[in-house]
Undergrad: 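Dropping the structure in here first, questions after.
Below, all heavy atoms of this structure are taken into account, side chains as well, without hydrogens, waters or symmetry copies. Reminder, nothing fancy here: chain letters follow the sequence lines and each chain counts from 1.
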Amino acid sequence: MQSLVIVAHGSHLNPDSSTPTYDHADTIREADAFGEVRTGFWKEEPHLREVLRTVEGEEVYVVPLFISEGYFTEQVIPRELRLEGWDVDRWDSDGLSADQATLTATDTGQTVHYCGPVGTHEAMTDVLIRRAETVTDDPDVGDGFGLAVVGHGTERNENSAKAIEYHADRIRETDRFDEVTALYMDEDPEVDDVTDHFTATDVVVVPLFIADGFHTQEDIPEDMDLTDDYRTGYDVPATVDGHRIWYAGAVGTEPLLADVVLERAADAGADVGAAIERVRRTTAVAAGNR
Amino acid sequence: MTGHAETDGTTLDQNVVPSIDLPTAAVDALARSPDDDHRAPTIAVDGFRVTATTADAYTFETATERHADLSRAELADAAHDHDVLVADWYVFEHVVDDEGSRGAFLRWLEGATERLERLGRLDDGRTDAADASTSDAAERSEPTTATAIRDRFRSLASGIEHDWGQLRITATIADDGTRRYAIRHVDAAGIDRDHLEAHDDPRDARSIAKHDPDGRYRPLKTAPTLPTGWVFPDLDARECYETVETFYPATVANWDRERRGDLDVSHWHETMARQTGIYGLIETWDRGEGHEHVEWVAETCCADSQCLKRREWEYDAETALSVDGGDGAFPCREPCSLVVSAARRWTKLESEAERTYEFDLTPSEKEQLEALIDAVADGRVEEIREADLSEGANRYRTRFLRAKRFDDDGALRGVPTDPEEGTTDE
Ligand code: SF4
């Protein structure tokens, strides 16, 4: 039996932090590609230290629901899962190219295929685009629209900015949107000045974050002047300096992210059958909504 | 509340062994089993045994009977005559089909101690049912296995209850011998299911467990703050396990390891030494000056009033803590992430040197401060009635104390917190 474990950060304070993890696990369960699908967290339960004990299978695909390679994917997760002989060189990555490493979990004896994070997979580009479709409720959105991909910046992790640039470049190459820009919370070009970076009237703003929380629900909306006070909410689209800002919230909440989890496991050798097709189909935005 | 009322409307006498409508699949499995050592029934474990002499000739034996040269149809008749024994074998071998922690938990839930003991102890290698039952002579002299199984079915007919944290789990039996389970909050034990919100999807437990009765997010799943008012009235074995796993993740796995004598405990010192990043600094809290601080943490976070896990970790393998670990059904094998986060905060706070402050308070005011701390620490603030001015933590009493004793900067008695930087003075 092949098993899937999705690991994520979780939170002691934010009840929504785990929601995307559970949602994507449910989507994949329904697509029937794995004998079992479990979830584990750094800050919630089951903890990373114990999640493998809840897995009955001997062949386990572990996919981190993280945006970039860095401290969590390289140190914390392998340590807490007790992956024997782990070394970041096993991924042989340039910061974007981690795919998988096969190791043994000393705790349980299971064979673990430890995958790279969802955020750096090329399929994540499609999820960002899908997020733009969802927030505009238009499966063909692009013409006349700008798209901003928003990230933290390099302050804590240089790979985080790499992932943002990578997807922004890939979206730009599709020629689907009039303009595509990467913006950051704590460095230039800053998300505060979003309207300075676009000539298009309509701009979709998608934060490359896994879960909605403090940054995506409070900081970014206020930084972009969508609202003076996040508690009063904001309109979608909201008008700022003559632009219509379609703020999408965390990309990680988009149902298609389940597809990236599956792709990660498939790249690591999991037999996911038709599940990828099924997930792509069931999570699509219906055509002709607008 | 009785279990059978939960699953169907039939009234079963508590003293009667229910008769089982043995599913065809059970007889089919039985006919196949002589070639399958691992799943073949044995007298020691299942109260009966089937062997095949030729392709279509079976022997069916119990501790007291032996029927040889049975055709496939006659085997089916023998199985129906011993419906309870065959059903019990079938349920554990082919429905539950697990000798790991899930299977152990489901055995425990119906008090199948004889089956539970057969699940090996990991630390001395797996002793599985086949190895343990090779001595025919011993089996033959023990018809007690069959009696124990019948007794268990009798109990299942009226419902067998176990508590797991704040869950009350009732195991009952369906007509075909498979088990049905009801799960509700222990505080809802006597409440008719029609008055509770019914759920059938184990995943619903996620949203039930997310907030406490006051609507606050529960960061610790094993905190004794689970709201009540709901029931999962009719779950199968897999759904029962998944529901428990969702309410209390990994508790079954760790309970089973402990039961097998194989619980790996990571004590405080090694757990903190393992931390990196922003938690790396916790290690500096262990300054080689004893472990009193860890006693305080355990008393603060791990008491049964705060967490239903039974704390098994100590300061280190040689140094036990004196505070009680609690009475929970399932163990805690290392300081959890909430305790690690709290420890980081205390590491910073506790690095401050003590100072001497001088305040004038009346005896009642001193007692009031103590009462306030107690009320907050025990989560009693909400219970204190508006007009109950005998309570030190009453809101009016507290506002009065503040009006009288605080200066405009919110400093107690006008004494600055840091005498060097303080601007207020008496
Ligand atoms: S460390 Fe303490 S609070 Fe945390 S789970 Fe264990 S017993 Fe509960």
Undergrad: Could you look at A:S18 and say if it's the side chain, the backbone, both or neither that has a heavy atom under 4.5 Å from chain B?
TA: side chain
Undergrad: For B:S341, is it the side chain, the backbone, both, or neither that has a heavy atom closer than 4.5 Å to a heavy atom of chain A?
TA: side chain
Undergrad: For the residue pair B:S337 / A:H47, report whether a side-chain donor-acceptor contact shorter than 3.5 Å exists.
TA: no
Undergrad: Supply the atom-to-atom distance A:R38 CZ to B:E245 CD, rounded to the nearest 0.5 angstrom.
TA: 5.5 Å
Undergrad: For chain A, which residues from residues 205-216 of chain B lie under 4.5 Å away (heavy-atom distances)?
TA: B:R206, B:K210, B:H211
Undergrad: On a heavy-atom basis, which atom in A:W42 and which in B:Q275 lie closest, and how many Å separate them?
TA: CH2-OE1, 3.9 Å
Undergrad: Could you please state which residues from residues 101-109 of chain B sit under 4.5 angstrom from chain A, measuring non-hydrogen atom to non-hydrogen atom, sorted by number, or 'none'?
TA: B:R102
Undergrad: Nearest heavy-atom pair of B:T276 and A:Y71: which atoms, and what distance?
TA: OG1-OH, 2.6 Å
Undergrad: At a heavy-atom distance under 4.5 Å, which candidate from A:D26, A:T54, A:V76 has the highest pair count against chain B?
TA: A:D26
Undergrad: Relative to chain B, which segment of A:N14 carries a heavy atom at a distance below 4.5 Å: side chain, backbone, both, or neither?
TA: backbone
Undergrad: State plainly whether the residues B:E242 and A:R29 are in salt-bridge range, i.e. N to O under 4.0 Å.
TA: no
Undergrad: Does any non-hydrogen side-chain atom of A:E50 lie less than 4.5 Å from one of B:P249?
TA: no
Undergrad: Name the region of A:Y22, side chain, backbone, both or neither, that has any atom closer than 4.5 Å to a heavy atom of chain B.
TA: both
Undergrad: With a sphere of 6.0 Å drawn around CG of B:D200, does it hold more than 12 non-hydrogen atoms of other residues, nucleotides or ligands?
TA: no
Undergrad: Once you round to the nearest 0.5 Å, how far does CZ of A:R49 lie from CG of B:D264?
TA: 7.5 Å
Undergrad: Please determine if A:E44 and B:R218 form a salt bridge, counting it only when a charged side-chain N lies under 4.0 Å from a carboxylate O.
TA: no
Undergrad: Considering non-hydrogen atoms only, spot the tightest contact between B:K221 and A:E45 and give its length.
TA: N-OE2, 2.8 Å
Undergrad: Taking atom CG of A:D92 as the centre, report whether more than 12 heavy atoms of other residues, nucleotides or ligands fall under 6.0 Å from it.
TA: no
